[in-house]
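Proteins get letters first, then strands, A, B, ... in listed order; numbering begins at 1 in each.
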Amino acid sequence: MNLETSIGTIVAEAVKTLYALEIDANQIQLQKTKREFEGDLTVVIFPFVKAARKSPEQTGQEIGEFLQKNNPLISAFNVIKGFLNLSISQNYWIETLNEIHCNPSFGTKTATEDAKLMMIEYSSPNTNKPLHLGHIRNNLLGFSIAEIQKANGWKVVKTNIVNDRGIHICKSMLAWKLYGNGETPASSGLKGDHLVGKYYVVFDKAFKAEIKELMDKGLSEDEAKKSAPLILEAQKMLLAWENNDTEVRRLWETMNGWVYEGFDKTYKQLGVDFDKIYYESETYLEGKSEVERGEASKAFYRREDNSVWADLTGDGLDEKLLLRADGTSVYMTQDIGTAKLRYNDYPINKMVYVVGNEQNYHFQVLSILLDKLGFEWGKSLVHFSYGMVELPEGKMKSREGTVVDADDLMEEMIETARETSQELGKLDNCTPEEIEAIARMVGLGSLKYFILKVDPRKNMTFNPKESIDFNGNTGPFIQYTHARIKSVLRKAADQEIDFSSLTGTDFAISEKESYLIQVLTEFPAVVRQAGEEFSPALIANYIYELVKEYNQFYHDFSILKEENQTIKQFRLVLSESIAATIKTGMRLLGIDVPERM
RNA sequence: GGUCCUGUAGUUCAAUGGAUAGAACAAGUGUUUCCUAAACACUAGAUCCGGGUUCGAUUCCCGGCGGGACUACCA
């Protein structure tokens, strides 16, 4: 039984005995005592004052006396206004630390044989442009959520759906064919995804020029967009693709191959991966046949122009197109097919889509459509809807060239970390490989922490110039603390001090130390909550608090110079437990922590 | 127009309905013969406006005002 439950139970007992008030133990409001007051844990008294028919102060006093008499864990108490502050005995904290220290998987669970399976879709790139800052948030959130759910005992399958077909893909193919002169990643030195992205932009420019020309000739903008030779050519190419035209298919495979090679590098650098990748080119046909099945079962209907629609007005939404008049599929069609295939492939208990909040409507509709098609899991899809990353000047727009490229950004962060390390001169006796590995850990740690510490549901601002920070509430601050603890532990090991466990428990510790243990004990609950709320930010903020507290301790107390051997051992055990928790917590965020930096 | 999200120091972020709204960066100042100063300490600075519910509201409800997203035979 943990501390909260045991205190909750005894408080419930107290109010029952004193005031004949029946209250459930987990309804008791408990909170960590604020720093400026004496105590560890606080009971909020206000809910009992009515039944007690006494002042909050008096009620608190009575409950406090009851608790102290009946629970040896409570060493002292005080009442301020309606708050009963309890001090917990030092022995409790010391023994708790020992338990934490002995538990290598503290805070996390491992999936059992019969654990439920969660599939998490994230990343979902288009093969016509390189990944940018928005994708970074998506990838980091998806990966971290997967780690967090695993730590909560789920089996997790990480999946990626690649938008590898469609008119937009044909655009870059066409531009390459027309203007590329056979350029390849090898011949140009460009990363594959960047090369293809370049031709997507080339297409857009040429297309715009054609539109302007046509408009100058008197066409309306809409007419111009529909009749520009380039777009007609792209549509022809899509049709050829759908008809398995050998030449088009070969070009498609070649260019997508370049892109995948590029994406793989980016994913690897970012430290994310997938267990199963789906491609829209392999799922869209399934979607089409599902829509046709839905039409046959009258869930959907066909219009005179031969297009297929779902009427969602009964659900408070509009009508939704599912197949175009020419029979080709749309985004929604493909997502239906992909969902079905996934449930065929895996015994999914929970399906989670990590997709930006701009697609809230899409997923609302998807869920309803799958339900209408008779899939009992349709309504249970979870859209993990996260906020956009904005730049100080507003939203990123690829066409206006204001996107922050993922590869460039990561490289920049690593370079800055490299320079900082060099300036501080702390790695002078490390090998070049070690220095490089640390620069990478710190640079990426800074970026990842910056993104993940923010509540995922909120939009966030990224300032390329100012957001790169290695001081304060940042990844490197946490990494630094870990490295510093490790350094102390190495020295202790050199001196052959045994800190494998506490040999005694009968000694006095400071408030700072017992507080640190208290913060440590919260870790499992934070991991659980982060899983329930899909929020890596909770873990990030928790670790920051732990680290900040530890740094104060480190500054004010000596570890290796402490003369009392028992206390020295205690501080080493405490430090090692904190280092382990930092490492576990950061691992849940997908951030590595170095042994030295 | 409709639906949804959002508004906290100069800036970027915190705060299960609880005590004097926390941090970090930026500004100003101090701490290194001492386990890593990428640290620690100090100073100054904020809940968009108006109602309501409550013993208590940044949080919940209603109404304004501001910002954003969606509302495509694009994905």
Q.
Heavy-atom nearest nucleotide on RNA chain B for A:Val442 versus A:Arg303: which residue maps closer to 5'?
A. A:Val442

Q) Nearest nucleotide by nearest heavy atom, which residue falls closer to the 5' end of RNA chain B, A:Lys171 or A:Phe557? A) A:Phe557

Q: Show your working on side chain to side chain contact (heavy atoms under 4.5 Å, CB included) between A:Ile497 and A:Leu572 and close with a plain yes or no.
A: CA-CA 9 Å; A:Ile497 302 169; A:Leu572 285 166; 3.8 Å; yes

Q: Evaluate the side-chain proximity of A:Phe46 to A:Gln29: yes if any heavy-atom separation is below 4.5 Å, no if none is.
A: no

**Q.** Pairwise side-chain contact, A:Val382 with A:Phe363, heavy-atom cut-off 4.5 Å (strictly under)
**A.** no

Distance in angstrom units between [X] [atom1] and [N] [atom2], rounded:
X	N	atom1	atom2	result
A:His383	B:C5	NE2	P	13 Å
A:Lys491	B:C35	NZ	C1'	6 Å
A:Asp494	B:U36	CG	P	11 Å
A:Asp164	B:C74	CG	P	18 Å
A:Met460	B:U6	CE	P	16 Å
A:Asn471	B:U11	CG	P	21 Å
A:Lys512	B:C40	NZ	P	10 Å
A:Phe553	B:C40	CZ	C1'	14 Å

How far does the [atom1] atom of [N] sit from the matching atom of [M], given to the nearest Å?
N	M	atom1	value
B:A27	B:G10	C1'	10 Å
B:A15	B:U29	C1'	29 Å
B:U8	B:A24	C1'	15 Å
B:C42	B:A23	P	9 Å
B:C5	B:U20	C1'	32 Å
B:A46	B:U58	C1'	11 Å

Does [X] place a side-chain N or O at less than 4.0 Å from the phosphate oxygens OP1/OP2 of [N]?
X	N	result
A:Lys320	B:C73	no
A:Lys395	B:G67	no
A:Arg302	B:C73	no

Tell me, please, whether [Y] has [X] positioned over its six-membered ring: NZ or CZ under 6.0 Å from the ring centre and within 45 degrees of its axis?
X	Y	answer
A:Arg571	A:Phe557	no
A:Arg303	A:Trp309	yes
A:Arg528	A:Phe523	no

Using a cut-off of 4.0 Å on non-hydrogen atoms, how would the nucleic acid contact of [X] be classed: base, sugar-phosphate, or nothing?
X	answer
A:Thr461	sugar-phosphate
A:Asp455	sugar-phosphate
A:Asp318	sugar-phosphate
A:Ser421	base
A:Arg457	nothing

Q. Can you tell me how far the OG atom of A:Ser535 sits from the CZ atom of A:Arg457, to the nearest 0.5 Å?
A. 6.5 Å

Q) Could you give the distance from CG (A:Leu369) to CE (A:Met332), rounded to the nearest 0.5 Å? A) 5.5 Å

Is a salt bridge present between [X] and [Y], judged by a nitrogen-to-oxygen distance below 4.0 Å?
X	Y	value
A:Lys512	A:Glu549	yes
A:Arg418	A:Glu415	yes
A:Glu221	A:Lys225	yes

Report all side-chain donor-acceptor pairs from residues 48-58 of chain A shorter than 3.5 Å, counting only partners two or more places apart or in another chain.
unit_1	atom_1	unit_2	atom_2	d
A:Lys54	NZ	A:Glu62	OE1	3.3
A:Lys54	NZ	A:Glu62	OE2	2.9
A:Ser55	OG	A:Gln58	N	3.1

Q.
So if I take residues 531-551 of chain A and measure heavy-atom distances to RNA chain B, which residues fall below 4.0 Å?
A. A:Tyr544, A:Lys548, A:Asn551

**Q.** Strand-adjacent residues in residues 474-487 of chain A, judged by heavy atoms under 4.0 Å from RNA chain B
**A.** A:Phe477, A:Tyr480, A:Ala483, A:Arg484, A:Ser487

Q. Angle class for the A:Trp241/A:Trp252 ring planes (parallel below 30°, perpendicular above 60°, tilted otherwise)?
A. perpendicular

Q) A:Tyr544 vs A:Phe477 aromatic rings, parallel, tilted or perpendicular, using cut-offs 30° and 60°? A) tilted

Would you list the protein and nucleotides 17-21 of chain B atom pairs, both N or O, that sit under 3.5 Å from each other?
unit_1	atom_1	unit_2	atom_2	d
B:G18	N7	A:Gln29	OE1	3.0
B:A19	OP2	A:Lys34	NZ	3.2
B:A19	N6	A:Thr42	OG1	2.9
B:A19	N6	A:Asn85	OD1	3.3
B:A19	N1	A:Asn85	OD1	3.2
B:U20	OP1	A:Lys81	NZ	2.9

Closest approach to the side chain of [X], judged atom by atom: which nucleotide of [options] is it?
X	options	value
A:Leu560	B:C25, B:C70, B:C35	B:C35
A:His555	B:C40, B:C34, B:U36	B:C40
A:Tyr554	B:A75, B:C35, B:G7	B:C35
A:Arg490	B:A75, B:C73, B:U36	B:U36
A:Val454	B:U36, B:A75, B:C13	B:C13

Q: Would you please enumerate the stems RNA chain B participates in, each stem being three or more consecutive Watson-Crick or G-U wobble pairs with both distances under 3.5 Å?
A: B:1-7 with B:65-71, B:10-13 with B:22-25, B:27-31 with B:39-43, B:48-52 with B:60-64

Q: Would you check, one step at a time, whether the test ring-ring contact (aromatic ring centres under 6.0 Å, His included) holds for A:Phe553 with A:Tyr550?
A: CA-CA 5 Å; A:Phe553 162 75; A:Tyr550 182 82; 5.5 Å; yes

Q. Among all residues two or more places apart in sequence or in another chain, which pass the ring-ring contact (aromatic ring centres under 6.0 Å, His included) test with A:Tyr278?
A. none

Q) Between A:Phe83 and A:Phe37, does a ring-ring contact (aromatic ring centres under 6.0 Å, His included) hold up when you go through it step by step? A) CA-CA 10 Å; A:Phe83 300 92; A:Phe37 302 105; 7.9 Å; no

